[in-house]
Amino acid sequence: MHPSIEDYALIGDHQTAALVGRDGSIDWLCLPRFDSAACFAKLLGDEENGHWRIAPKEAKGAKGADVCTRRAYRTDSLVLDTEWETEDGTVRVTDLMPQRDRAPDVVRIVEGLKGRVTMRSTLRLRFDYGSIVPWMRKSDGHRVAVAGPDSVWLRSEPEVRTWGKDFGTHSEFEVAEGEQVAFVLTWHPSHEPRPARVDPYEALAESVSDWQAWAARCRYDGPHRDAVVRSLITLKALTYAPSGGIVAAPTTSLPEEIGGVRNWDYRHCWLRDSTLTLGALLACGYQEEAAAWRDWLLRAVAGDPAELQIMYSVAGERRIPEFELAWLPGFRGSAPVRIGNDAVRQSQLDVYGEVIDSLSLAQQAGLPAKPHVWRLRQALMDFLWSAWREPDEGLWEVRGPRRHFVHSKVMAWVAADRTVRALEENPGLSGDVDRWRAMRDEVHREVCERGYDPERNTFTQSYGSRELDAALLLIPRLGFLPPDDPRVVGTVDAVRAELMRDGLVRRYDSDPTAIDGLPGNEGSFIVCSFWLADALHLTGRTKEALDLFERLVSLCNDVGLLAEEYDPVAGHQLGNFPQAFSHIGLVGTALTLFDGEGDRSGAGASDEEGAG
């Protein structure tokens, strides 16, 4: 039986990440970066596309061999313990990826807890997203796999016998109470010498210690602190340490509808995440991570403002061509499997507002100043001066015609507003404050005239349309209108009435006749429901906001992770997993509801990921 998306847990080393199933199988791993080709791609195919399973040997009477009895992260860490209780005894597999020195390692430690259990390890390496079977050989007690640029070494301590069968590497061994067997899988470029070995037991101790020390820095001490800390750990795990960039998710093509075509590659960094990410990190005490993300942002957007992209690769690369992998059938048959993302070429004017708001937030929070930041902000505003009047594809990356999306115009207002504030509060800055104030007023006036439906008392998705958009919930949080404005209250009520299904919020009407241009449907977008909780609180309906927040926290899987979307009818998570923006939403709403200083994230916008 194919697992569900929520059946997976995450391990990672701040440069890439793996998904581990309840059955003890690592079904997704890209090496050496988040956006590299996968060597385990069973997630989007089957066992022949690569996986590594360690679990009790399937045998008559062996209870729980197929699915674990329980699993959990060690407290405040990304070290995963998976346990099986069988008739022969109890065994635990501990999975981690230690923070790398030079090469990425996957460490799996098998420990007998009770009785004596026969274990089976099955390793099928398949480079290039499951398409290439490597050449396997033995060398100095190791199994070595080589194909093209990739080389992987497998060793065990103490050494266990391995054999090859069906283009896989197998081993079988017993562990009794108190005994341990450790496996280490190490990748390196095939033209380079084998990297130094890591001690698996030292790596375990150091990983637990490092993660717990990092988590202890969290300043949030309100309700659901465990969920907030887990969300922050997830964001840290999705950070590409060499650059400071944070990927939207470590996966590609997990479907927004089982069997559907809304399958996108999220292993990249979106500018739209910037302000909310900065706000969450700063509010919870993570100045260094916030500064690293701000610095990634500055490097990524450097250049001609007219060529600003909505997303970049983890190190800031601009080219993210989209193509399909025909040999992978997709998660539960949800094809196509896409690599890269053509939405990188879209015009989405809201990102200018997000970037400028992020830089304003960083300045207000006291992050170390950068001498060229103000010049960059001026250049972005000079471009936006005329560009804001143009239609665009909007924050959801729809692949239909361009429109005058209300959220894009509101974010243009945010850009002008933050620029005016900066000039008013810092007399030493140079700039035409009257020009930007006039732009701010003009944008505000136009949105209120052309983006508002007085008959229904709600703002709309685009000028002249009747459709709604969950991003309209951000209007009070962005400061565009005060929360008690009747138009804001009416918009919140309209979104609840028209976009809420089974207690959760959809992004917009995804009917094929609407703006989407895509067949099929999708689940409820998790971060949009967090936005609704924020809006309810801001408009004085805190009890309803608290109830919704409790519901959303309950959607986390057994190890505290959230995907992009949720199907409330089927009761399953949907979309790429785990999703940074869902976890940012959880942290932000917790701060809004329970933190004494309220939500300090300041900006808004959606997740990057829409229909592409």
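Side-chain contact between Pro250 and Pro578 is present, with heavy atoms from C-beta onward closer than 4.5 Å. A heavy-atom distance below 4.5 Å is not found between the side chains of Glu289 and Ile246. Side-chain atoms of Leu96 and Val106, non-hydrogen and from C-beta on, never get closer than 4.5 Å to each other. Taking 4.5 Å as the limit, every side-chain heavy atom of Trp187 sits out of range of all side-chain heavy atoms of Ser151. Put simply, the side chain of Leu204 reaches to within 4.5 Å of the side chain of Val208, judged on heavy atoms. Proximity of Asp27 to Phe40: side-chain heavy atoms (C-beta onward) are nowhere separated by under 4.5 Å. A 4.5 Å side-chain heavy-atom check between Phe173 and Thr162 finds every atom pair outside the cut-off. Contact check for Leu113 versus Glu83: side-chain heavy atoms found under the 4.5 Å cut-off.
In this structure, Arg217 fails the cation-pi test against Tyr286, since its NZ or CZ atom is not both closer than 6.0 Å to the six-membered ring centre and inside 45 degrees of the ring normal. Taking the centre and axis of the six-membered ring of Trp84, the NZ or CZ atom of Arg92 falls outside the cone set by 45° and 6.0 Å. Geometric assessment of Arg318 against the ring of Tyr312 yields a negative cation-pi assignment under the 6.0 Å and 45° thresholds.
Looking only at atom types and distance, the side chain of Thr94 has a donor-acceptor partner in the side chain of Asp81 under 3.5 Å away. In the model, Gln309 has no side-chain atom that pairs as donor or acceptor with a side-chain atom of Arg345 under 3.5 Å. With hydrogens and angles left out, the side-chain atoms of Glu564 and Tyr266 include a donor and acceptor closer than 3.5 Å. Side-chain N/O atoms of Ser207 and Asp210 include no donor and acceptor closer than 3.5 Å.
Without hydrogens or angle criteria, Asn341 side chain to Glu322 main chain gives no donor-acceptor distance under 3.5 Å. Proximity of a side-chain donor or acceptor of Trp211 to a complementary backbone N or O of Ile233 within less than 3.5 Å is not detected. Judged purely by atom type and a 3.5 angstrom limit, Arg294 uses its side chain to pair as donor or acceptor with the backbone of Pro368. The closest donor-acceptor contact from the side chain of Asn263 to the backbone of Pro336 lies under 3.5 Å. With Ser77 contributing its side chain and Val79 its backbone, the two residues share a donor-acceptor pair below 3.5 Å. Judged by distance alone, with hydrogens and angles left aside, the side-chain atoms of Asp273 form no donor-acceptor pair with the main-chain N or O of Thr277 at under 3.5 Å. Judged purely by atom type and a 3.5 angstrom limit, His51 has no side-chain atom pairing as donor or acceptor with the backbone of Arg124. Side-chain atoms of Ser582 come within 3.5 Å of backbone atoms of Ala563 as a donor-acceptor pair (strictly under, hydrogens ignored).
For Trp52, the side chain to side chain donor-acceptor pair (under 3.5 Å) partners are Ser121, not counting sequence neighbours. Applying the salt bridge (charged side-chain N to carboxylate O under 4.0 Å, His left out) test to Arg137 and every residue at least two apart in sequence or in another chain returns nothing.
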Taking it one step at a time, do Arg100 and Thr16 satisfy side chain to side chain contact (heavy atoms under 4.5 Å, CB included)? CA-CA 10 Å; Arg100 72 177 74 170; Thr16 191; 3.6 Å; yes

What do the steps show when you test Cys269 against Val314 for side chain to side chain contact (heavy atoms under 4.5 Å, CB included), and what is the final call? CA-CA 6 Å; Cys269 307; Val314 292; 4.3 Å; yes

Mind running side chain to side chain contact (heavy atoms under 4.5 Å, CB included) on Arg70 and Thr82 for me, showing each step along the way? CA-CA 6 Å; Arg70 56 185 166 269; Thr82 304; over 6 Å; no

Evaluation steps, side chain to side chain contact (heavy atoms under 4.5 Å, CB included), between Arg120 and Ile54: CA-CA 6 Å; Arg120 169 67 72 80; Ile54 299 180; over 6 Å; no

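A salt bridge does not link Glu257 with Arg262: every distance from a Lys NZ or Arg NE/NH1/NH2 to an Asp or Glu carboxylate oxygen is 4.0 Å or more.
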